[in-house]
Amino acid sequence: MKLRSHQALLVIFLSAFFCVSSAFSSMDGKAEDISTYEVFRNKAKEHGIATKTIRVSNRYSSGFYLVAGVFGVVENANAFARTLRAGNFAPEIFKSPENGLNYVYLRSHTSGDQAIASFLNTSYDKKIWILHVDAGEKAHAANISFAKAAAASAETSHDAFKIAAKKSGVATRTVDGFAELDNGYYAVAGVFGDRNNVMRFKRTLSAKGLHSKSVVHPETGLSYVYLSFKEDGKALLKEANNQFGGRYQGKTWIMHVADVTSPVISTQMERIRSANLGVQKAESRKIERKALKTTKDPPAKLLQKADAYFAKMWYAEAADLYEQYLNDNQDSYSYEILQKAGDSHYFNSNMERAFYWYDILYTRYSNEISSENIFKYAHSLKGTGKYARAKRLMRIYDRKVKKEGMRYAIDDPRTTPKEKALDNILNTEQEYTLRNIATNSEYSDFSPMFYNGDQLVFASAMDSSFFTTRRYKWNNQPYLDLYVAKVNQESQEVKDAIKFSKKINTKYHEASVTFSPDNATMYFTRNNYGKKLKRDKNGVNNLKIYRSRKVDGAWTDATELPFNSDDFSTGHPALSPDGKKLYFVSDRPGSLGETDIFVVDVYEDGGFSEPRNLGPEINTERKEMFPFITDKKLYFSSNGHIGLGGLDVYEVAYTEEEGFEQVINMGKPINSKRDDFSYIVQEETQKGFFASNRRGGKGDDDIYSFSKLMPEELNLNAIEGVITDLVTGEVMPEALVTLLDENNIKLKEVVSDEDGSFVFEDLDSNTKYTVRTTKEGYSEVVTNTPTKDNEVISLDVKLEKLEDLIVLEEGIKKIKLNMIFFDFDKSNIRNDAAEELDKLVAVMKENPSMVIKIESHTDSRGSAVYNKYLSDRRAKSTRAYIISKGIDPKRIESAIGYGEERLLNGCDGSIRCTSAQHQLNRRSEFIIVNM
């Protein structure tokens with residue numbers, strides 16, 4: 001019942017087909033009254049807009065409302081409306097006569113297209129959705145009649161325009177697919193594939209006094225440059241015949257953009273394969289339990305059988321047959337067969353074999369491969385640990401979905417290149433201890449849930465019978481039941497698993513359970529099952545949520561919830577800690593993706609509110625599953641947000657005031673390159689359980705216990721800093737920062753981030769460290785930085801450009817360093833002097849033709865003869881150090897000590913001078929002789 005990702009095993013307990021039913025049905029030519037709402041809903045879904053319909057009596061008007069909030073109490077609705085008015089909005093309140101709810105809306109429209117356009121252009125930055133109010137058949141008929149009349153009028157007007165254009169010799173063409181353009185007529189002066197050519201052409205037009213605009217076709221990628229737009233084609237034709245006031249003599253043609261959502265369009269939505277495909281008819285032919293390793297069928301028969309199994313979603317058997325067929329028929333590698341071979345393994349979570357066939361598909365059909373197959377190929381790469389290549393594929397996927405048209409806006413983070421986000425996840429590993437629990441079987445074990453304080457209820461395909469049992473054809477495993485086991489709260493050991501309840505477990509799938517705070521009510525997922533399996537019009541057995549109550553210590557027969565349906569799946573229930581909200585997963589109409597997370601209010605009388613979609617901040621165009629809610633956070637699994645491969649676990653904090661905040665990937669080791677899901681946690685202890693099909697488990701999916709190290713257990717010692725330019729103060733990305741111990745042995749090495757920041761974590765307390773920072777073209781900086789006890793040390797590093805060290809003083813070009821100090825009466829190079837001389841060496845290496853001479857000076861104190869001798873020794877010592885760093889001796893013309901012969905001030909002993917004044921004369925100078 002796992003409702004798993006495309007590359008997941010997808011062995012969700014209930015074997016239902018989480019699919020979206022056809023959104024439209026064809027109408028005969030006589031009636032032509034296709035549902036305008038279905039057209040609207042499909043278009044809204046393309047833009048990621050959540051929608052909902054409520055039906056009212058025909059005393060009311062039909063319409064489309066941009067809803068910002070829904071309230072049961074009118075005072076709360078009024079208070080919210082006042083808040084909106086304070087933000088310069090003009091909200092109104094619509095009270096539904098059917099459910100009594102108060103809908104606070106920003107705008108209302110008579111057509112769905114107007115509502116969508118208004119939605120996309122609103123300045124309101126919080127969550128909104130579109131409510132469709134259906135006032136019945138009369139209003140519906142009126143809408144259709146109006147739409148027909150408008151369409152007929154437009155058609156007549158367009159025909160008249162075409163006749164006039166033909167007489168004028170102006171070429172015309174209707175171009176579809178421009179969702180962002182208003183319907184009407186455009187005078188096109190040029191069409192370009194290269195954006196640079198577009199800009200050059202527009203500059204040429206501008207020089208002629210023509211203001212032009214350009215638009216990119218979302219499917220072809222071509223840029224159309226147009227000079228004018230008119231809703232009336234004849235008016236634009238008049239402008240074109242007049243050569244736009246005589247300013248443009250070049251050839252133009254008129255592009256007609258029509259309404260692509262006219263009432264005569266009939267579209268069949270593609271059925272979405274979801275995590276839990278349908279249980280097949282019990283009467284269907286039984287297949288042997290053992291894998292089909294070999295068959296003597298001829299190739300055509302073998303392929304026919306593989307396709308039949310694939311169509312039935314029996315992927316374990318289909319994968320074996322495709323393998324046999326393709327291995328023996330390498331000349332028959334068609335696009336369809338390669339895709340099905342990859343999909344058979346992908347849906348069974350065999351990422352290695354999925355990658356093998358997708359790789360061949362991509363290599364052979366790179367120009368034809370769909371964005372969906374690129375997505376699965378990239379996920380199979382991540383599923384085998386090939387992250388670098390997966391990132392390249394995701395870049396291609398991003399470009400392709402933009403070209404093909406997408407549900408999200410161009411600047412939505414879910415459609416932008418994902419390398420940095422993925423790198424952050426890969427580089428973030430939390431401090432957890434993981435343990436594969438003892439009750440895991442060789443089959444699928446998942447969906448753990450806390451129960452009675454010291455127990456764990458979970459779903460398992462473990463087979464307790466000694467006899468051959470019925471098996472689920474998706475992955476050739478036994479059907480799922482609920483089990484309960486004891487948990488040691490300290491060690492989190494799980495043992496003594498037994499079946500949960502005969503009243504709950506049936507001969508089909510049960511899984512994903514949640515309990516009320518008093519443990520007297522349970523909700524769980526099951527096949528749509530009464531006396532026999534029920535199927536929708538496509539023969540699919542969907543999932544439903546059931547409720548059972550405990551009476552006299554025993555669970556009662558389960559009853560299904562009112563928001564279930566035979567036509568779509570509903571599963572994975574999760575109660576809020578107070579029991580007042582029930583979260584669940586569904587592919588019901590109005591979903592943003594393949595499966596979305598919804599929520600309903602649980603009333604005291606046991607009733608429920610209408611389901612609400614959690615919205616695009618949580619739900620993506622792919623799968624969101626396995627919600628778990630605490631008083632602080634929502635946890636769920638998804639393959640639509642950026643992740644490591646397969647399903648990943650995500651967390652999102654929330655408050656009653658602000659709602660849901662940013663979705664965060666939980667990183668390693670909770671997430672892996674395989675499927676990770678059904679995460680539950682006790683917030684106080686940060687202990688919990690989740691399921692994964694990662695390597696090293698006992699079976700297909702295993703349950704893991706985890707314990708996160710609490711803050712007092714963590715080592716907080718770290719050195720962090722920001723690197724900037726000494727002169728400009730600008731941050732310095734891509735600088736190499738090295739951490740050394742007190743013996744100058746390298747321990748760690750990092751590269752500063754785009755904001756110039758770096759960090760070394762998990763360091764020892766009260767320990768001496770050295771941080772060395774280097775960047776090409778800059779002088780090296782070495783800083784001694786001892787740590788303290790469980791404290792982060794901040795370090796600001798300022799790098800100086802090597803070219804800034806070359807200065808001109810009184811017409812003489814020099815390398816300017818900080819003062820080089822020597823110990824009293826010594827000439828050996830000290831560590832601090834070495835750091836300065838290393839800058840000089842770097843400058844000379846940066847300028848390989850540079851030749852210098854070294855001059856060393858002293859103050860006037862002491863014997864003049866001795867001062868000259870000492871300064872000369874220091875000059876020679878400095879020369880030797882520079883040569884030892886790899887500088888050719890020929891590049892040092894001379895190294896001479898001048899003692900007190902060249903004082904910079906009058907401190908020659910004849911006047912009283914301070915120590916600071918004497919220090920000015922104690923210096924070494926590095927004069928550039930040749931560059």
Side-chain angles (χ1 to χ4, degrees), residues 1-2 4-19 270-330 332-358 360-361 372-373 376 380 443-444 461 468-480 508-509 527 533 535-536 538-542 700:
M1 131 188 292
K2 283 180 291 191
R4 296 262 296 274
S5 85
H6 272 181
Q7 72 272 36
L9 169 63
L10 301 175
V11 49
I12 318 308
F13 76 94
L14 299 185
S15 320
F17 205 88
F18 243 27
C19 67
E270 180 184 1
R271 291 179 63 178
I272 301 172
R273 284 200 179 102
S274 169
N276 199 13
L277 296 188
V279 175
Q280 306 305 313
K281 293 182 179 180
E283 305 81 39
S284 63
R285 185 180 61 85
K286 291 185 178 180
I287 299 176
E288 296 180 4
R289 283 186 65 185
K290 64 180 180 179
L292 303 177
K293 297 297 181 184
T294 58
T295 178
K296 296 182 180 179
D297 289 337
K301 185 74 172 178
L302 191 68
L303 181 60
Q304 184 180 11
K305 190 181 293 185
D307 287 343
Y309 290 158
F310 187 90
K312 292 180 178 181
M313 286 73 76
W314 294 1
Y315 293 117
E317 289 81 4
D320 285 332
L321 295 179
Y322 283 126
E323 289 278 349
Q324 292 179 52
Y325 177 82
L326 291 170
N327 287 337
D328 295 335
N329 297 274
Q330 297 186 10
S332 302
Y333 278 15
S334 71
Y335 184 100
E336 181 183 5
I337 296 173
L338 289 171
Q339 175 184 308
K340 287 181 176 178
D343 286 352
S344 296
H345 291 296
Y346 183 85
F347 295 143
N348 249 343
S349 210
N350 185 343
M351 291 297 106
E352 288 78 7
R353 294 308 295 171
F355 159 70
Y356 178 82
W357 293 115
Y358 288 147
I360 296 175
L361 177 69
E372 178 66 18
N373 283 324
K376 290 184 289 188
S380 71
Y443 298 114
S444 187
T468 301
T469 61
R470 299 166 310 104
R471 289 182 171 244
Y472 175 36
K473 301 307 178 185
W474 174 276
N475 64 342
N476 203 29
Q477 292 194 7
Y479 285 87
L480 295 156
Y508 292 107
H509 282 310
N527 295 100
L533 289 176
R535 295 179 174 83
D536 64 13
N538 297 310
V540 173
N541 172 249
N542 286 303
D700 174 52

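Source: prediction; values computed, not measured.
In this structure, the separation between CG on Asn329 and CD on Gln324 is 11.0 Å, given to the nearest 0.5 Å. Atoms CG and CG, on Asp320 and Leu302 in that order, are 10.5 Å from each other to the nearest 0.5 Å. Summarising the geometry, atom CG belonging to Asn373 is positioned 5.5 Å from atom CG belonging to Leu361; distances are rounded to the nearest 0.5 Å. Note that the CG atom of Leu326 and the CD1 atom of Ile360 stand 8.0 Å from one another [nearest 0.5 Å]. Atoms CG and CG, on Leu321 and Asp307 in that order, are 10.0 Å from each other to the nearest 0.5 Å.
Partners of Tyr325 according to the side chain to side chain donor-acceptor pair (under 3.5 Å) rule, which considers only residues two or more places apart in sequence or in another chain, do not exist here. With sequence neighbours left out, Ala318 forms a side chain to side chain contact (heavy atoms under 4.5 Å, CB included) with Tyr309, Phe310, Tyr322, Ser344.
His345 pairs in a side chain to side chain contact (heavy atoms under 4.5 Å, CB included) with only one of the listed residues (Tyr356, Tyr358, Trp357), which is Trp357.
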